[in-house]
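To start, the structure itself, in structure tokens.
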Amino acid sequence: MTILQFPKDFKWGTATAAYQIEGAYNKDGRGMSIWDTFARIPGKVFEGDNGDVACDSYHRYEEDIELMKQLGIKVYRFSVSWPRIFPNGTGEVNPKGLEYYHNFVDKLLENGIEPYCTLYHWDLPQALQDQGGWENRDTIDAFVNFAETMFKEFAGKIKNWMTFNEMWCSAFLSNYYGNHAPGKRDIQIAVDVAHHLLVAHGKTVSKYRELGAEGQIGYAPNVTWNEPYSNKQEDIDTADRGRAWYVEWFMDPVFKGSYPQFMVDWFEKKGVKMNVQPGDMEAIHQPIDFLGINYYTGGVVKYKENSDILDNEGINVGRDKTDIGWDIYPEGLYYVLKFITDRYGQVPIYITENGACYNDEPKDGIVNDEGRTSFLKKHITQLHRCIESGVNVKGYMCWSMMDNFEWAYGYSMRFGLVHVNYRTQERTPKESYYWYQKLIKNNYHEV
Ligand SMILES: CCOCCOc1ccc(-c2cn(C[C@@H]3NC[C@@H](O)[C@H]3O)nn2)cc1
């Protein structure tokens, strides 16, 4: 047996997001978000599920934090519901919204758990969407205003901030594929939204520096690793596009101050214009303190003309899959993190999401989710390879602390270390919870 020892101060944690767990959608002054609206459109979400109640964590956060304490996590990644703080997106602050997050963060700190706060995890106030949402550049300043309010209100309590979760999903899944809110299907809108999100990120980082806020700030892109189906140049090129759509498109502007030219050329060939205003790239290109990485899966891609925006199609090469149908590809984590480090240097990295969907149910009070434990073992092994290879990994946050609203899949797909009975709200730690508890206690993984 070999011991894979993690660094002494490695930050083991878990992650969730407001719309997916809080519920209380209309409680204490919260305004509507685009996901409240989207989930109410027939056919958009599995069986018409929505986040009205979710895991009811708005009322049960003390119980949830007790489960986190027993798990032994050092850090907890959560997101703030923008419409709970600004029901109309801007203007009047909702004091009950601030009060909720003060109580929540105080309880985390009381239990020795460091809060890692994501400012935007997809729940844009509907009032701003009514003005054009992220297509409208005015939303950039609305976001900076929201962020500034949070930085000032939680100064000294929250010292780890992420601006945006998975910009690729907010831009392309939501405005090109249309699977997520607001559900548009227009590549030009998607590219414009991606750009506005990046400008909002950069302006928020600048505001954070201007305030002299204590702590660190970063963001959390989602990445994948695409292997070419063959050594044909057309397959290699399409695999590069597949990677760059998630990695370079959202990281080059931050770390290099420019978009990857080969992708700009590709999008322009597909009829997309780059609507970049003077000063935008400089605004985006602000030094950050850490990079969050969300990794779930990777794939093998083959060139196929006009198959979709990248002219590539995924090929099923027979890898095992989780219950949501995603390939289990742990090595992809190693390859993508090495690629990122080679391209952008030793930026501190936190795995801000990694986890698996397995829909096991309790039997006699036990949830034997061995698939999830196996997935975690394989990915944590690859993470150790990264550390051994010089990747500056500082922490790992398992997605997710508990089963929750998995967007268009509703409650049909379970990613939690803790099972949630949505009828009774009973929480049941799964066997993977106990494996992760031991890993955290030992700070090593034995293979
Ligand atoms: C139809 C074409 O499809 C192309 C790829 O489509 C997807 C779908 C989904 C994802 C996806 C989902 N998740 C999990 C969430 N991360 C944040 C947190 O809220 C989790 O719930 N990460 N990535 C990526 C790509």
Side-chain angles (χ1 to χ4, degrees), residues 13-22 33-35 38-39 44-46 49 51 54-55 57 77-81 116 118-124 162 164-181 183-185 187 190 194 219-226 241-243 245-247 249-250 292-299 301 304 307-310 312-314 316 321-327 329 332-333 336 350-358 372 375 379 397-417 420:
T14 57
T16 62
Y19 187 78
Q20 296 179 269
I21 67 165
E22 286 180 358
S33 76
I34 58 175
W35 267 95
F38 188 74
K44 297 299 184 186
V45 178
F46 178 80
D49 289 342
C55 307
S57 288
R77 178 179 176 236
F78 66 100
S79 81
V80 169
S81 168
Y116 275 61
T118 308
L119 289 163
Y120 189 78
H121 203 124
W122 305 355
D123 42 1
L124 182 72
M162 282 147 284
F164 288 91
N165 179 73
E166 298 187 354
M167 290 179 185
W168 183 93
C169 289
S170 296
F172 294 104
L173 195 53
S174 303
N175 293 286
Y176 170 60
Y177 288 118
N179 298 53
H180 282 193
K184 301 208 171 183
R185 293 205 169 118
I187 188 62
Y219 68 136
N222 56 309
V223 299
T224 183
W225 188 256
N226 285 271
R241 291 194 293 272
R243 179 206 64 239
W245 199 18
Y246 291 82
V247 178
W249 196 259
F250 291 99
I293 292 290
N294 294 0
Y295 177 84
Y296 288 91
T297 186
V301 291
K304 184 176 182 182
S307 54
D308 81 348
I309 190 66
L310 299 185
N312 85 25
E313 64 170 335
N316 182 352
K321 296 169 175 41
T322 63
D323 286 353
I324 201 169
W326 299 349
D327 279 9
Y329 184 33
L333 177 61
V336 75
Y350 292 82
I351 303 302
T352 36
E353 284 182 34
N354 176 248
C357 172
Y358 286 96
R372 178 170 292 102
F375 180 100
H379 286 78
M397 297 156 207
C398 178
W399 183 272
S400 179
M401 180 66 207
M402 68 190 87
D403 295 336
N404 58 56
F405 178 79
E406 182 50 39
W407 310 110
Y409 292 100
Y411 298 101
S412 68
M413 296 296 171
R414 295 175 177 270
F415 279 83
L417 292 167
V420 177

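Read the numbers this way: they start at 1 and go in the same order the structure lists the ligands and their atoms. FYI, the numbering just counts along the sequence from 1.
- Proximity to W399 (heavy-atom distance under 4.0 Å) selects the following atoms of ligand 1: 18 (C), 19 (O), 20 (C), 21 (O).
- Distances shorter than 4.0 angstrom do not occur between any heavy atom of F415 and any atom of ligand 1.
- Distances from atom 2 (C) of ligand 1 to the heavy atoms of Y177, Y409, Y295 show the closest one on Y177.
- Residue contact annotation: N165 has a non-hydrogen atom under 4.0 Å from ligand 1.
- In this structure, the protein non-hydrogen atom closest to atom 21 (O) of ligand 1 is E406 OE1, 2.7 Å.
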- Query: Would M167 and F172 count as a side chain to side chain contact (heavy atoms under 4.5 Å, CB included) if you check the C-alpha gap in whole Å, the side-chain angles of each, and the deciding distance to 0.1 Å?
  - Reply: CA-CA 8 Å; M167 290 179 185; F172 294 104; over 6 Å; no

- Message: F164 vs Y219, test: ring pair (Phe, Tyr, Trp, His ring centres under 6.0 Å). Steps then yes/no.
- Response: CA-CA 5 Å; F164 288 91; Y219 68 136; 8.6 Å; no

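- Polar contact check, E166 against ligand 1: a nitrogen or oxygen pair lies under 3.5 Å apart.
- Contact analysis puts W326 in contact with ligand 1, with a non-hydrogen atom separation below 4.0 angstrom.
- A donor-acceptor pair shorter than 3.5 Å cannot be found between the side chains of Y176 and D308.
- Residue contacts with ligand 1, taken as heavy atom pairs separated by less than 4.0 Å, involve L173 solely via side-chain atoms from C-beta onward.
- Counting non-hydrogen atoms of other residues, nucleotides and ligands closer than 6.0 Å to NZ of K304 gives a total of 12 or fewer.
- Remark: ligand 1 atoms within the under-4.0 Å shell around heavy atoms of W168 are 5 (C), 25 (C).
- Between H180 and the choices F38, W122, Y19, the ring-ring contact (aromatic ring centres under 6.0 Å, His included) rule is met once, by W122.
- Within the listing of ligand 1, atoms 18 (C), 19 (O), 21 (O) sit less than 4.0 angstrom from a heavy atom of Q20.
- Near E353, the atoms of ligand 1 lying under 4.0 angstrom from a non-hydrogen atom of the residue are 15 (C), 16 (N), 17 (C), 18 (C), 20 (C).
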- Checking ring pair (Phe, Tyr, Trp, His ring centres under 6.0 Å) for the pair Y411/F405: CA distance, chi angles, key distance, verdict? CA-CA 5 Å; Y411 298 101; F405 178 79; 5.4 Å; yes

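- Counting only heavy atoms from C-beta outward, the side chains of Y295 and H379 approach each other to under 4.5 Å.
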- So K321 and N316, side chain to side chain contact (heavy atoms under 4.5 Å, CB included) or not? Walk me through it. CA-CA 10 Å; K321 296 169 175 41; N316 182 352; 3.0 Å; yes

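- For ligand 1, the polar-atom distance check against Y246 finds no nitrogen or oxygen pair separated by under 3.5 Å.
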